[in-house]
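Data block below; observations after.
As the structure lists them, so they are numbered: ligands from 1, and atoms in each ligand from 1.
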Amino acid sequence: MTDTARANWRNEPTDWEQAGKLPRPHEGSGARSLGSLDVTSASMDPALLDLPWQVPLEEWPTDRLAALPRGISRHVVRFARLGDSLIAIKETGEHIARHEYHMLRKLRRLNVPCVAPVAVITGRTDEQGEPLDPVLVTRHLRFSLPYRAVFSQTLRQNTLTRLIDAQALLLVRLHLAGFYWGDVSLSNTLFRRDAGAFAAYLVDAETGELYPELSGGQREYDLEIARVNIAGELMDLAEGNLIEESVDPLATSERIMDSYRNLWRELTEQETFAPGERWRVDARIRRLNDLGFDVDELAIRTTADGTQVQLQPKVVDAGHHQRRLLRLTGLDAQENQARRLLNDMDSYRADNHPELDEELSAHLWVTQVFQPIVRAMPQELGSKLEPAEVVHEVLEHRWYMSEEQNRNVPMAEAVQSYMDNILRHRRDEAAILLTADTKTMKILGGGGNG
Ligand SMILES: Nc1ncnc2c1ncn2[C@@H]1O[C@H](COP(=O)(O)OP(=O)(O)O)[C@@H](O)[C@H]1O
Ligand SMILES: [Mg+2]
């Protein structure tokens with residue numbers, strides 16, 4: 001399959017849909033010839049039925065289509081308007097369409113970045129009653145670019161590197177979810193710009209399979225496919241003078257291996273700490289957060305002589321922390337606050353009583369860490385800031401202090417420093433706001449000449 005795919009993308013240019021390129025509009029499509037259509041869809045949009053399914057996709061009228069950049073593919077793929085949104089339509093075999101539809105649904109549920117499936121439509125016939133290929137409909141991924149469109153100008157090594165890192169991260173996420181891709185390539189990935197980097201999404205799940213867990217061999221095999229495909233894709237770009245001359249396609253394709261393996265290690269490796277090295281637990285969690293992962297409770301085990309703490313992060317999707325914090329402590333916080341508080345709660349447990357179960361440890365954390373911080377705050381300010389936010393800020397502050405000084409700064413010291421260095425300024429602000437008249441308030445709020 002991979003070979004076929006490669007043979008195809010090597011021959012075809014990037015297909016930017018040209019307005020006017022497609023033949024005659026088909027008038028009066030409508031429901032008449034729709035009798036035998038079979039639509040599989042979780043949330044059926046009736047507007048789907050208004051599309052001209054009795055026409056081969058290549059002949060769809062241009063007024064139905066959206067001219068957006070598209071990657072290289074072996075099937076006919078087009079973008080069309082559906083109400084206010086855009087969909088991607090791929091003509092393919094029934095088995096493939098169904099397999100891909102269900103695969104994408106599962107991947108979405110597992111929170112892996114991929115395109116969203118909309119429907120599988122079979123039973124298409126043209127106006128003469130001849131059968132037409134079934135289609136897979138997905139929601140068009142907004143702001144996404146196929147990799148060749150990322151290179152509208154000659155691509156610099158730097159950009160290329162970030163693109164490949166994004167691809168590596170996507171592969172890691174898929175593998176963590178138990179997905180074996182089987183056809184990893186830049187062509188089967190969509191990229192979105194993300195604060196100077198790229199975020200990668202899976203677009204083609206045709207060859208993929210989900211397993212409870214992947215073996216090391218399966219992961220390595222997928223990685224090898226990625227390397228070979230990417231090397232081919234880059235050589236292709238080099239031939240078309242689309243990448244900087246100094247870029248070595250083979251060496252660059254190797255980068256996916258290192259990038260992937262580093263990420264995998266960071267996400268899954270067991271680490272051992274001495275109790276009291278809490279800041280190192282925090283550091284690990286922060287690195288994972290920076291990679292875009294949230295960390296569920298840490299699996300914590302003490303070694304036989306009780307001097308070491310082992311840490312194995314469980315990686316989860318966002319949104320989860322708020323619920324977990326609420327369940328464990330009854331505290332209602334924003335997601336980021338909750339994540340920070342839970343991180344602290346977990347390292348507190350690792351540090352103090354790894355043998356306790358998490359409910360009991362959470363209770364101790366509330367009474368011994370959370371509440372004392374809240375109580376330490378000057379009263380007039382305590383009433384102005386949410387307790388969860390105060391504690392969150394103190395923990396942040398402590399983290400920066402610990403990192404700067406390369407030691408585990410005690411909580412009391414961090415609280416004092418927070419009050420002296422951060423809160424003092426805050427307090428002034430609050431004082432102004434508390435005594436300000438409307439005119440001052442307006443000026444403070446940028447309201448101008450009151
Ligand atoms: N939902 C979508 N959003 C944006 N682009 C899409 C979407 N689905 C397909 N495409 C575009 O169509 C191209 C081909 O799709 P793909 O599923 O890889 O087809 P094939 O199975 O023929 O290789 C992709 O590279 C991408 O550019
Ligand atoms: Mg493809």
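- Considering just the N/O/S atoms of Asp204, the one nearest the Mg ion (ligand 2) carries the name OD2.
- Of the options Trp181, Tyr260, Tyr211, Trp264, a side chain to side chain donor-acceptor pair (under 3.5 Å) to His175 is made by Tyr260 and by none of the others.
- Looking from atom 6 (C) of ligand 1 to the surrounding protein, the closest heavy atom is Phe79 CE2, 3.5 Å.
- Within the 4.5 Å cutoff, side-chain heavy atoms of Ile89 are placed close to those of Trp60.
- Contacts of Ser187 with ligand 1, taken as heavy-atom pairs under 4.0 Å, involve the backbone alone.
- Residue contacts with ligand 1, taken as heavy atom pairs separated by less than 4.0 Å, involve Lys90 solely via side-chain atoms from C-beta onward.
- Under a 3.5 Å cut-off, the side chain of Asn188 and the backbone N or O of Asp183 do form a donor-acceptor pair.
- Note: no N/O pair closer than 3.5 Å links Glu100 and ligand 1 by distance alone.
- Residues Gln54 and Pro52 are in side-chain contact: their nearest non-hydrogen atoms beyond the backbone lie under 4.5 Å apart.
- Using a 4.0 Å cut-off to heavy atoms of Val115, the atoms of ligand 1 that qualify are 1 (N), 2 (C).
- For ligand 1 and Glu206, the ligand atoms under 4.0 Å from any heavy atom of the residue are 21 (O).
- The heavy-atom pair separating Ala177 from Val112 by the smallest distance is CB-CG2, 3.8 Å.
- Regarding atom 23 (O) of ligand 1, its nearest protein heavy-atom neighbour is Asp204 OD2, 2.9 Å.
- Taking a 6.0 Å sphere around CZ of Arg139, one finds it holds 12 or fewer heavy atoms contributed by other residues, nucleotides or ligands.
- Here Ile87 has no heavy atoms under 4.0 Å from ligand 1, in either its backbone or its side chain.
- With hydrogens and angles ignored, the 3.5 Å screen pairs no side-chain donor or acceptor of Glu239 with any backbone N or O of Asp236.
- The shortest N/O to N/O separation between Pro69 and ligand 1 does not fall below 3.5 Å.
- Remark: side-chain polar atoms of Arg64 are not paired, donor with acceptor, to backbone N or O of Leu51 under 3.5 angstrom.
- At a 3.5 angstrom cut-off on N or O pairs, Arg74 counts as close to ligand 1.
- Ser73 CB, 3.3 Å is the protein heavy atom nearest to atom 14 (C) of ligand 1.
- Atoms of ligand 1 found under 4.0 Å from any heavy atom of Thr138, numbered from 1 in the order shown, are 1 (N), 2 (C), 8 (N).
- Contact annotation for Ala88 and ligand 1: only side-chain heavy atoms (C-beta onward) come within less than 4.0 Å of the ligand.
- Not one N, O or S atom of Ser73 sits under 2.8 Å from the Mg ion (ligand 2).
- Ion pairing between a basic and an acidic side chain is recognised when a charged N comes within 4.0 Å of a carboxylate O; Arg340 and Glu393 show no such pairing.
- Using cut-offs of 30° and 60° for the angle between ring planes, the Tyr180 and Tyr221 rings count as parallel.
- In this structure, atom 11 (C) of ligand 1 lies nearest to the protein heavy atom Arg70 CG, 3.7 Å.
- Interface of Val203 with ligand 1, defined as ligand atoms under 4.0 Å from a residue heavy atom, comprises 6 (C), 7 (C), 8 (N), 9 (C), 10 (N), 17 (O).
- For Gly71, a nitrogen or oxygen atom sits less than 3.5 Å from a nitrogen or oxygen atom of ligand 1, counting backbone and side chain alike.
- Using modelled atom types, no side-chain atom of Thr92 and backbone atom of Ala97 make a donor-acceptor pair closer than 3.5 Å.
- With salt bridges taken as basic N to acidic carboxylate O contacts below 4.0 Å, none links Glu233 and Arg148.
- Enclosure of atom OH in Tyr201 by more than 12 non-hydrogen atoms of other residues, nucleotides or ligands within 6.0 angstrom is indicated.
- The protein atom (non-hydrogen) at minimum distance from atom 15 (O) of ligand 1 is Val77 CG2, 3.9 Å.
- The shortest contact between atom 3 (N) of ligand 1 and any protein heavy atom is with Leu141 N, 3.0 Å.
- Any N or O atom pair closer than 3.5 Å counts here, and Asn188 shares at least one such pair with ligand 1.
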